Amino acid sequence: MSPSKVRVRFAPSPTGMLHVGNARSALFNYLFARKYKGKFILRIEDTDIERSEVLYIDEIYHDLKWLGLDWDEGPDIGGENGPYRQSERRDIYKTYLKKLQTNDLAYTCYCSAEELEIRRKDAIQNGQAPRYDNRCRHLTDEQIKKFEQEGRKPVIRFKMPEENIVVKDLIRGDVEFDHQLIGDFVIFKSDGGPSFHFAVVVDDIEMKISHVIRGEDHLPNTPRHIALFHAFGCELPLFAHMSMTMGPDGTRLSKRHGATSVNQYRELGYLPDAFSNFLALLGWSPGDDREILTRDELIDLFSIEGMTKSSAIFGIDKLNWMNGMYIRQAPIDKLTRLAIPYLQKGGYYPNGVNESEFVWISKVVDAVRGYLNCLSEIPQHAALFMNEEVEIEEASVEFIRSDEGQKVLQLFQSKIESMDTVDIDAFKSVLKDIQGELDVKGKQLYMPLRIALTGKKEGLELHVAVALLEKKKILQRIQTAQARPLI
RNA sequence: GGCCCCAUCGUCUAGCCUGGUCUAGGACGCUAGAUUCUCAUUCUAGAAACACGGGUUCGAAUCCCGUUGGGGCUACCA
């Protein structure tokens, strides 16, 4: 690979939120560019004026930045080969169209969508390839005049060459396509804009793209693109069609599978490094057993050879595990900053967090991080610290209503009352004293206190929880528990 | 329907190109145990796969063919 010559692009269309499958595509292009010290280019394919929305362009920027995929050329930062929005490149497409027309490689087609549809159905019914029959290739002047008078809005089609086309794919090897199965396709739509196929090729030429790394769904389109490259007399980029991302049931990942867009995962509190680490392992492998990989390692290890041919299912279980690993390993200050918005969503700290609160919150976050799959789960785990009272589950009431439990609570209360602060050591020694004085230990000792203070039978180690609770709250909860009637 | 791609534990994958070292390795999840006041974490152990059928070969997860299954494309959507 000749470095510095590598130029790859991610070319989403702004017709919706950034899909995780597209994000993976962006990630692989990014890793490839960074690995070979090349350029990663962002191009917005908004030729579908009906469905494209500016709002989604901003979402794409946001999501890519969140994932840490910074681009070297793009609509927002410019570059030598701009503009980078297809809607702003109309003149360029017109110029390229002229080249085709000069060489008699394009023609006007007046077939209506309805006519096309009828012929398509016929072809399928007769067991034939549903391709355009090229019938407008040789229209007489009279026919053209007649169609124009009928007010038909024409399209412009490209004359497909009469020879088979072999796609040399870096992942799949040589794939041959029968030219007879591909009809002359539309390069300019009746709205006057370029079609996807045409715009892609023109842009890849103009932007000097060296490698086209995209989803496998584009493989059958590639012969059309290759024909266009040839028609323009341009060298081909290298193609790599990567496997697709599927839902848990093996069908195309869609809304019925749950969250499918990057912003949803961001909002659920997945960490960008964890998310991209997970995405990288979908359809790619470093070749050894490593799984938790830093961005630099990913860049260093990435190769097209390591890419899988078969499609991969987006499995949330492994993502959760991986995100949990990142959450447990993250610097606590950083994690706390990320966690605070979720606490606020849970109703805590509506007016922000001051410095001393931050310190305390970071201790809480540190205490509960072992339980988290993602940050949005944090309020439910932090509630026992944040709330004034705890709700005692019915199933646990017996622990605080038993005679033994009541004794433990009472003794604990009297010992705590005389103390200034309750830290881990103090709590442990208090428990030791109670154990000696009442001759209780294990569950009999811990459970009444656990239930009184946290409301639940399970949860973090009691001394960790107690050390984070104010003395006032501790006493209050003990009192409430003592007064709790048995139902 | 036609064309194209793909096929290793439930899932992500290593191995396949350059057949023997594969009684097929790792990870998630699952099960059990250890630790612990409990749950989670952590650690240890376990169950779990070469889709099927032919062929080539002394020998096939690895090469070839077929079948089946899955996916994609077949748009004036990208």
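What's counted below: heavy atoms across the whole structure, side chains too, no hydrogens, waters or symmetry copies. A, B, ... follow the sequence lines: proteins, then strands. Residue 1 opens every chain. Values in this document were obtained by computation on a predicted structure and should not be read as measured data.
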Minimum-distance nucleotide to A:Pro220 side chain [options: B:rC12, B:rC73, B:rC3]: B:rC73
Touch class at under 4.0 angstrom, heavy-atom based, for A:Ser13 against every strand present: sugar-phosphate
Sugar-phosphate, base or nothing in reach of A:Gln444, heavy atoms under 4.0 Å: nothing
A:Arg224 to A:Phe158 six-membered ring, cation-pi geometry met (6.0 Å, 45°): no
Side chain A:Ser310 and base B:rC6 donor-acceptor under 3.5 Å: no
OP1 or OP2 of B:rC6 under 4.0 Å from side-chain N/O of A:Thr308: no
Sugar-phosphate, base or nothing in reach of A:Gly283, heavy atoms under 4.0 Å: sugar-phosphate
Sugar-phosphate, base or nothing in reach of A:Val186, heavy atoms under 4.0 Å: sugar-phosphate
Contact under 4.0 Å: A:Arg252 side-chain N or O vs B:rC73 OP1/OP2: yes
OP1 or OP2 of B:rU42 under 4.0 Å from side-chain N/O of A:Arg328: yes
Pi stacking test for A:Trp321 and B:rC28: under 5.5 Å apart, planes under 30°: no
Whether A:His197 and A:His225 hold their rings parallel, tilted or perpendicular, with breakpoints at 30° and 60°: tilted
No-H, no-angle donor-acceptor pair, A:Arg450 side chain to B:rC37 base, under 3.5 Å: yes
Sugar-phosphate only, base, or nothing, as touched by A:His241 at under 4.0 Å among non-hydrogen atoms: nothing
Sugar-phosphate only, base, or nothing, as touched by A:Arg51 at under 4.0 Å among non-hydrogen atoms: base
Pair A:Trp71 and A:Phe10, ring centroids less than 6.0 Å apart: no
Sugar-phosphate, base or nothing in reach of A:Leu460, heavy atoms under 4.0 Å: base
A:Glu216 side-chain proximity, nearest of B:rG26, B:rG72, B:rC5: B:rC5
Touch class at under 4.0 angstrom, heavy-atom based, for A:Arg120 against every strand present: sugar-phosphate
Of the listed nucleotides B:rC39, B:rC37, B:rA27, the one nearest the side chain of A:Glu458: B:rC39
A:Asn221 side chain, from C-beta outward: closest of B:rA78, B:rC12, B:rG72: B:rA78
Strand partner of B:rC37, provided both Watson-Crick or wobble distances fall under 3.5 Å: none
Residue A:Met244, side-chain atoms from C-beta onward, closest of B:rG72, B:rC4, B:rC6: B:rG72
Atom pair distance, as rounded to whole Å: CG in A:Asp288 and P in B:rC12: 19 Å
Sugar-phosphate, base or nothing in reach of A:Glu45, heavy atoms under 4.0 Å: sugar-phosphate
Parallel, tilted or perpendicular: rings of A:His241 and A:Phe239 (30°, 60°): parallel
Minimum-distance nucleotide (side-chain atoms of A:Ile124 versus B:rG1, B:rA27, B:rU74): B:rG1
Partner nucleotide, any strand, of B:rG69 [Watson-Crick/G-U, under 3.5 Å]: B:rC6
Sugar-phosphate, base or nothing in reach of A:Met246, heavy atoms under 4.0 Å: sugar-phosphate
Touch class at under 4.0 angstrom, heavy-atom based, for A:Lys309 against every strand present: sugar-phosphate
Listed nucleotide nearest any side-chain atom of A:Pro130, set B:rC5, B:rU74, B:rG2: B:rU74
Distance below 4.0 Å between A:Arg290 side-chain N/O and B:rA27 OP1 or OP2: no
Nucleotide forming a Watson-Crick or wobble pair with B:rG1, both distances under 3.5 Å: B:rU74
Ring centre gap for A:His463 and A:Tyr446 strictly below 6.0 Å: no
OP1 or OP2 of B:rA78 under 4.0 Å from side-chain N/O of A:Lys189: yes
Touch class at under 4.0 angstrom, heavy-atom based, for A:Ile313 against every strand present: sugar-phosphate
Proximity to the side chain of A:Met325 - top-ranked nucleotide from B:rU42, B:rC6, B:rC37: B:rU42
Sugar-phosphate, base or nothing in reach of A:Ser243, heavy atoms under 4.0 Å: nothing
Of the listed nucleotides B:rC73, B:rA40, B:rC12, the one nearest the side chain of A:Tyr371: B:rA40
